[in-house]
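Computed over heavy atoms, backbone and side chain alike; hydrogens, waters and symmetry mates excluded. Here the structure is a predicted model, which is why all the values come from computation and not from measurement. Order of the sequence lines fixes the chain letters, A, B, ..., with proteins taken first and strands second; residue numbering starts at 1 for each chain.
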Amino acid sequence: MIGNFPFVAVALLIALGFYTLLFKRNLIKIVIGIELIECGVNLFLITLGYVKGAVAPIYTHTLAPAERMVLPTPQALTLTSIVIGLATTALMLSFAMLIYRRYNTADVSKMRLRG
Amino acid sequence: MRKIVASISFLILLAFLLFIAVKLHPFGEPEEREMDDYFIKGYYNETQNKVIGGAQNESGANNVVTAVVFDYRGFDTLGEATVLFSAVTGVAALFRRLRRGMMEEKRSEAERKEEGLSKIVKTITNIFYPLILIFGLYVILHGHLTPGGGFQGGAVVASAFALVAIAYGKLIVPKFLNKEKMSVVETSGLVGFIGLAFLGLTTTFFFNFLAVGRTPPLSWLSGTVPLWGPNPGALNTGGVLPFMNLAVGAEVLAGLGIIVLFMLVGLLPEEYEEQKEEEKK
């Protein structure tokens, strides 16, 4: 019996991400924090739709018509979220690369506007 | 001071998250909500959730997740494809200064051969590259039958591009991953996806007009009745879903390929900028 442990894991993941955002000043670490929050949200959606003892919602793989399936809508939303996350991460990392090249540091607190 | 405020707000947030995690419905027993409440009367199997029961008869796809992504919740996917497109555009715009440098071929052939990782890695890459491509295309084509679809298959194909990029280094890859062709594939994928959605306008936007028995003369195309249980795969089911999978797959593989290309060339641009400055002098 694992109880609500998956939800607790989600909460810890998101909290870790927020901790990184609040206390770290390295740009790469900030991106990692955003990624952690995103992973937490994805895990949350998946765990929300889980049904005990159910199979994946794919008829090609089921054996009996009456088998219970997990909810498909959260899985579809997670799919959406993963691809958007990948694209936005690439964008964020590109920004981080360019900022590092301009200021020669990845530390947010050391950056000053330089025209 | 800043740290104290941050710590207090972090603790409050953590407390909220843990409270929600404990107070949520028991794990594995979700409630039936209206979120999953679309169906055509009389179609769905009463013992199941409404989307699951209706997916096979309404959209004719064996993979219910794909049915939700491209049929029931097509608008979400439209937004997602647009976000992906604009993110790719953003990456390309950020590295626009490197565009001129990366297409120039100033290096000698010997220098090109030296570039990248060792010969072992290059040989293994040569062997695995077509296999990864085939697997990715399989995942795209069978999106309505097995786990997968356009997004996942496109990502698999783009991972093959990333493998080549790492193994061969930045001197060869710009020649191999042609940016112009990639952007044409990406744009046509997005336009094809939106066009397929518009074709359903006889009823609604994103209407699955090719599904089981909806356009009888075209039923052979993809409107046959899906088979139940383990089967060798009836590819011509699912209505417009296979075509949408193809379009989205093209968009994702080309978009992620462009991201891989631009980020790789953007890694070490200093020498190009130095070259440009030398040319000015």
Side-chain angles (χ1 to χ4, degrees), chain A residues 2-15 18-19 21-23 40 44 47-54 56-84 86-91 93-95 97-98 101, chain B residues 3 6 9-10 13-14 17-18 20-22 24 26-30 35-36 45 47-49 51-52 55-56 62-65 67-69 72-73 76-77 80 83-84 87-88 90-91 94-95 145-147 149 151-152 155 226-231 233 252 255-256 259 262-263 266-267 269:
Chain A
I2 52 173
N4 264 2
F5 180 72
F7 295 137
V8 177
V10 166
L12 290 180
L13 257 180
I14 295 179
F18 271 108
Y19 173 83
L21 283 186
L22 282 173
F23 293 104
F44 181 57
T47 48
L48 263 190
Y50 181 71
V51 180
K52 223 171 263 175
I58 294 169
Y59 281 103
T60 317
H61 291 174
T62 49
L63 295 172
E67 257 182 314
R68 276 177 70 76
M69 292 174 173
V70 299
L71 301 186
T73 315
Q75 297 205 359
L77 293 182
T78 311
L79 185 64
T80 311
S81 151
I82 287 174
V83 177
I84 289 181
L86 183 64
T88 48
T89 310
L91 192 61
L93 286 175
S94 309
F95 271 119
M97 276 161 69
L98 286 186
R101 200 174 297 144
Chain B
K3 282 218 161 169
S9 51
F10 174 72
L13 183 85
L14 181 62
L17 285 173
L18 287 176
I20 293 168
V22 174
L24 214 61
F27 177 63
E29 295 159 20
M35 183 166 109
D36 283 335
N45 177 353
T47 62
Q48 288 278 14
N49 167 294
V51 169
I52 297 174
Q56 245 197 341
N62 269 341
N63 185 347
V64 183
V65 177
V68 173
V69 166
Y72 294 106
R73 282 182 174 254
D76 285 1
T77 314
E80 171 188 16
V83 167
L84 180 68
V88 172
V91 172
L94 278 181
F95 291 124
L145 295 175
T146 55
F151 291 105
Q152 299 91 325
L227 302 172
W228 196 293
N231 62 65
V252 171
L256 297 185
I259 287 181
F262 268 97
M263 289 189 82
L267 268 182

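- A/Phe23 touches chain B through its side chain: at least one heavy atom from C-beta onward sits under 4.5 Å away, while N, CA, C and O do not.
- More than 12 heavy-atom neighbours from other residues, nucleotides or ligands sit within 6.0 angstrom of CZ on B/Phe10.
- Highest contact tally toward chain B, considering only A/Gly49, A/Ala87, A/Ala9, A/Ser94, is held by A/Ser94 [criterion: heavy-atom pairs under 4.5 Å].
- B/Leu256 touches chain A through its side chain: at least one heavy atom from C-beta onward sits under 4.5 Å away, while N, CA, C and O do not.
- Listed for the A/Thr78 side chain is a donor-acceptor partner under 3.5 Å among the backbone atoms of A/Pro74.
- No part of A/Val10 comes within reach of chain B, as not one of its non-hydrogen atoms sits under 4.5 angstrom from that chain.
- Proximity to chain A (any heavy atom under 4.5 Å) is shown, for B/Pro147, by both the backbone and the side chain.
- A donor-acceptor contact shorter than 3.5 Å links the side chain of B/Asn63 to the backbone of B/Thr146.
- B/Thr77 does not touch chain A: none of its heavy atoms, backbone or side chain, sits under 4.5 Å away.
- Taking the six-membered ring where tryptophan is involved, the planes of A/Tyr50 and B/Phe27 are essentially parallel, since the angle between them stays under 30° and well short of 60°.
- Proximity to chain B (any heavy atom under 4.5 Å) is shown, for A/Leu48, by both the backbone and the side chain.
- Of the atoms belonging to B/Val88, not a single heavy atom falls under 4.5 Å from chain A.
- The nearest pair of heavy atoms linking A/Val70 to A/Ala54 is N-CB, 3.6 Å.
- Heavy-atom distances place both the backbone and the side chain of B/Leu24 under 4.5 Å from chain A.
- Side-chain atoms of B/Asn62 do not come within 3.5 Å of backbone N or O of A/Tyr59 as any donor-acceptor pair.
- Interface remark: B/Ile259 contributes side-chain atoms only to the contact with chain A (heavy atom separation under 4.5 Å).
- Between B/Phe262 and B/Phe95, the angle of the ring planes stays under 30°, which puts this pair in the parallel group of the 30/60° scheme.
- A/Leu86 touches chain B through its side chain: at least one heavy atom from C-beta onward sits under 4.5 Å away, while N, CA, C and O do not.
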